[in-house]
Visitor: 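Mind having a look at this structure? Questions to follow.
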Protein chains: 2
Amino acid sequence: MSRQKVNNMEEFAKVSGISRPTLSKFFNDPQSVRTSTRSKIEFALEEYEYRPNIFAINHNRKSTKTIGIVVPYLADPFFAEIVRKIERHCIEAGFWPIVFSAHGEQQLENDALATLQSLRPAGALIAPLGKRSDLDCVKRFTEEVQTVVFDSNVDVGEAFVGSDNIHNVGLIVDYLCETGDAPCFFEMPPVNPNANKRREAYVTAMERLGHAPKVVQVKGTGWNFEKIGLEEGTRLISSGSLPSETILCSNDRLAVGLIAAAYQQGLRVGNGNNCALRIAGHDDHPWSQFTCPPLTTVSQNYEAITERSVGMLFELIDGGGSRQERPEVLFEGKLVLRASA
Amino acid sequence: MSRQKVNNMEEFAKVSGISRPTLSKFFNDPQSVRTSTRSKIEFALEEYEYRPNIFAINHNRKSTKTIGIVVPYLADPFFAEIVRKIERHCIEAGFWPIVFSAHGEQQLENDALATLQSLRPAGALIAPLGKRSDLDCVKRFTEEVQTVVFDSNVDVGEAFVGSDNIHNVGLIVDYLCETGDAPCFFEMPPVNPNANKRREAYVTAMERLGHAPKVVQVKGTGWNFEKIGLEEGTRLISSGSLPSETILCSNDRLAVGLIAAAYQQGLRVGNGNNCALRIAGHDDHPWSQFTCPPLTTVSQNYEAITERSVGMLFELIDGGGSRQERPEVLFEGKLVLRASA
DNA sequence: CAAAAAAGTTTACGTGTGTAAAATTCACGA
DNA sequence: TCGTGAATTTTACACACGTAAACTTTTTTG
């Protein structure tokens with residue numbers, strides 16, 4: 001490394017022979033300067049080590065190149081995966097994504113929003129906690145920052161992108177009813193609107209098929225879905241109080257716990273004659289293909305959801321002001337047939 | 001909300017009746033101003049909506065309040081959990097943690113380090129990719145930024161904090177040998193020093209107990225450990241080429257895949273007479289308690305590792321210059337006995 | 001109650017970049 | 001070769017806060 005260090009744009013202007021305002025233009029958008037100038041600058045960048053100071057850059061910009069991402073629980077691989085994809089899309093578009101996790105807590109969500117707001121981001125993509133969110137706080141945030149809401153549809157922000165729960169749950173209820181007993185619905189007290197929508201969709205689908213819906217709601221709070229699925233599943237199984245031998249879980253993580261409960265109680269899960277239970281989930285969570293047996297579920301279209309969310313946000317950022325209507329885009333998932341049901 | 005908006009510290013100084021330099025002191029450390037002044041300011045904060053601009057704050061500080069966290073793969077719940085804990089420790093200490101994930105790729109790790117460096121952080125906590133890291137790049141980073149390395153011990157930075165693989169693997173090898181057949185060791189090509197250390201520790205422990213070590217290395221790259229465990233495990237089982245019916249996996253995620261493979265091949269996993277395989281892991285991964293059967297493993301002391309990492313970093317930041325020796329702190333895990341072995 | 005110590009105010013300058021306006025230079029076609 | 005519009009340079013100011021020094025006020029101490 002013979003590259004010399006350069007401390008600021010002024011110095012880099014001297015050594016590169018390009019004026020500072022032009023350099024400023026270049027760093028904001030390399031395409032905006034003449035090809036010959038660009039190659040001069042790039043040549044100098046090889047020679048000298050220099051990167052514009054991020055704080056100074058954003059200090060005096062009207063519109064920052066920062067994009068805030070707020071999720072309820074980053075340790076959930078679903079969100080980890082979503083965030084990963086969103087980050088990529090942002091970086092490709094020349095933005096600087098910055099991730100916050102609420103860790104399931106209202107206070108931390110509020111803190112994240114406040115910190116984010118003081119970063120004056122160009123826009124934000126948020127998946128609110130849902131029921132636990134401080135809606136006033138979230139609303140105030142969205143009034144200052146262009147926001148696309150995803151995954152959990154609370155009525156704030158300029159747009160929503162998520163999954164078509166009605167369609168998805170319909171898919172799997174149809175499948176389960178066609179291939180065996182009508183399912184009961186296994187859920188915990190809903191942490192966000194998705195859980196509610198899924199229960200409602202289950203009830204609708206069952207009634208459409210002429211079955212009596214049977215909802216089993218177990219106790220449990222927080223984001224330890226597997227733990228709740230295991231503990232409450234164990235209780236239900238050992239007391240024989242499951243209303244059906246086919247169980248549709250509100251999400252895959254709950255199903256992971258329930259499968260573990262069944263295994264530990266010596267019940268075989270799956271489609272065969274020698275199986276005592278059929279278990280299905282929703283989300284096609286990254287873990288779901290590794291359960292024993294592998295979990296039958298409905299996928300969410302991760303790629304479409306992230307791409308559209310980011311896309312809509314960029315439209316908002318480019319378009320400037322907010323529009324009249326608040327579009328809600330829902331993507332349909334697909335049935336993922338594995339061995340558990 | 002009747003709170004009026006205030007745009008900068010100057011304006012807030014006017015409305016609060018406190019001079020700007022004092023306000024500056026207050027926002028850096030509320031304890032540094034007199035109680036009466038503090039309450040005046042806090043009262044005004046109730047009345048007026050104001051938060052200092054983060055970019056302006058960090059723009060002209062010698063030492064930023066930013067702490068960079070770089071992990072190889074954030075979608076891995078192990079790192080998600082670690083990051084969660086680190087973030088908390090930082091926030092409690094009044095720092096601003098900012099997380100980057102390399103997503104398993106060298107280029108992204110380099111990008112993250114470069115971006116982080118331009119943020120001029122007070123310090124950094126990094127878990128390098130390991131074998132895939134661009135060591136020169138990482139080294140250059142650590143020469144500019146006070147860095148504590150954790151999890152994966154590559155020889156850079158001011159200190160290392162991690163797990164005592166030798167002790168941990170010894171624990172579980174001892175346990176497995178006491179309670180049944182001596183284990184073989186199931187691994188994929190190592191992605192970081194931990195994997196190597198664990199294999200070596202396995203060999204040492206086996207020789208100490210008078211057994212011939214049997215290492216089974218399967219193909220596979222990247223961070224899809226479960227997938228590799230499942231696919232290669234299926235191959236090994238169906239071809240009958242496992243050298244022992246007791247299998248110690250290099251980490252829990254590999255074990256998750258292997259358990260799934262065994263299940264799909266109709267082999268029962270566990271300790272009983274009717275079981276064909278015993279499978280054990282390492283890490284006590286968040287998923288491990290939900291496998292079928294639950295996974296016997298060695299825990300890592302997450303809390304100790306994160307607390308000590310952050311603690312050492314704060315010492316470095318306070319202490320200023322770098323010291324002579326490069327301390328390596330290793331924490332011992334505990335045997336976690338479940339049903340799989 | 002006076003002196004000392006602590007805290008706050010005033011004043012002034014530094015930070016590294018964005019950005020606007022006017023002046024100059026360049027590239028390209030006629 | 002010249003004219004034209006586009007690109008670049010020059011110049012100058014803005015941004016919001018950190019920080020230092022000299023001075024003033026408040027609090028503490030003996």
Side-chain angles (χ1 to χ4, degrees), chain A residues 5-45 48-66 94-96 115 117-122, chain B residues 5-45 48-66 94-96 115 117-122:
Chain A
K5 191 114 195 229
V6 155
N7 290 314
N8 56 39
M9 208 180 272
E10 201 78 55
E11 289 183 27
F12 187 66
K14 251 182 217 129
V15 299
S16 66
I18 306 288
S19 74
R20 199 174 64 72
T22 303
L23 287 176
S24 179
K25 267 187 80 181
F26 168 84
F27 284 112
N28 280 312
D29 176 13
Q31 302 300 322
S32 69
V33 302
R34 207 184 290 149
T35 320
S36 58
T37 327
R38 186 160 60 241
S39 51
K40 268 191 227 166
I41 297 174
E42 277 159 356
F43 183 78
L45 274 176
Y48 300 88
E49 194 174 334
Y50 169 69
R51 282 177 64 109
N53 178 310
I54 292 193
F55 293 113
I57 289 175
N58 290 296
H59 177 45
N60 192 26
R61 236 209 268 265
K62 328 154 184 203
S63 122
T64 298
K65 281 295 205 179
T66 309
F95 282 85
W96 181 41
T115 303
Q117 194 169 340
S118 68
L119 284 170
R120 322 222 162 154
Chain B
K5 192 114 194 230
V6 155
N7 292 313
N8 56 40
M9 210 180 271
E10 200 79 53
E11 289 183 27
F12 187 65
K14 252 181 217 133
V15 299
S16 65
I18 306 290
S19 73
R20 197 173 66 71
T22 303
L23 287 176
S24 180
K25 267 187 79 181
F26 169 84
F27 284 113
N28 279 313
D29 176 13
Q31 302 300 321
S32 68
V33 303
R34 209 183 289 151
T35 322
S36 58
T37 339
R38 188 159 61 238
S39 51
K40 269 191 225 166
I41 297 174
E42 278 161 356
F43 183 78
L45 276 174
Y48 302 89
E49 194 175 334
Y50 170 69
R51 282 178 64 111
N53 178 313
I54 291 193
F55 294 113
I57 289 176
N58 289 298
H59 178 44
N60 190 27
R61 237 209 267 266
K62 331 151 183 199
S63 121
T64 298
K65 281 295 207 179
T66 310
F95 283 85
W96 181 40
T115 304
Q117 195 169 340
S118 69
L119 283 171
R120 321 219 163 156

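Not measured: the values here are computed from a predicted model.
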Visitor: Looking only at side-chain N and O atoms, does B:N58 come under 4.0 Å of OP1 or OP2 in D:dC17?
Guide: no
Visitor: OP1 or OP2 of D:dG18 sitting under 4.0 Å from any side-chain N/O of B:S24?
Guide: yes
Visitor: At what angle, to 10 degrees, do the two end axes of the helix from C:dC1-D:dG30 to C:dA30-D:dT1 meet, given five pairs define each axis?
Guide: 10°
Visitor: For residues 13-45 of chain A, which residue pairs qualify under ring pair (Phe, Tyr, Trp, His ring centres under 6.0 Å), counting only residues two or more places apart or in two chains?
Guide: A:F27-A:Y50
Visitor: Given atom NZ of A:K40 and atom C1' of C:dC26, what is their separation to the nearest angstrom?
Guide: 10 Å
Visitor: Kindly list each side-chain donor-acceptor pair under 3.5 angstrom involving residues 29-37 of chain A, sequence neighbours excluded, with atom names and distances?
Guide:
from  : atom 1 : to    : atom 2 : distance (Å)
A:D29 : OD1    : A:Q31 : N      : 3.1
A:S32 : OG     : A:D29 : O      : 2.7

Visitor: Once you round it to whole Å, what is the distance between C1' of C:dT10 and CD of B:E10?
Guide: 11 Å
Visitor: Whole angstrom is fine here: how far is it from CZ in B:F55 over to C1' in C:dT17?
Guide: 13 Å
Visitor: Identify, with sequence neighbours excluded, every residue that meets side chain to side chain contact (heavy atoms under 4.5 Å, CB included) alongside B:S39.
Guide: none
Visitor: Among residues at least two apart in sequence or on other chains, which ones pass salt bridge (Lys or Arg N to Asp or Glu O under 4.0 Å) with B:E10?
Guide: B:R20
Visitor: Under the side chain to side chain contact (heavy atoms under 4.5 Å, CB included) test, which residues partner B:I57, sequence neighbours left out?
Guide: B:P52, B:R61
Visitor: Which residues pass the side chain to side chain contact (heavy atoms under 4.5 Å, CB included) test with A:S19, not counting sequence neighbours?
Guide: A:P21, A:T22
Visitor: List in chain and number order the residues that pass salt bridge (Lys or Arg N to Asp or Glu O under 4.0 Å) with B:E11, two or more places apart in sequence or in another chain; answer none if no residue qualifies.
Guide: none
Visitor: Measure up the B:F55 and A:F55 rings against each other and bin them: parallel (under 30°), tilted (30 to 60°), perpendicular (over 60°).
Guide: tilted
Visitor: For a quick check, with a 4.0 angstrom heavy-atom cut-off, what is the B/S/- contact string for nucleotides 7-16 of chain D, read 5' to 3'?
Guide: SSBBBB-BBB
Visitor: Separation of A:I57 atom CD1 from D:dC17 atom P, in whole Å?
Guide: 19 Å
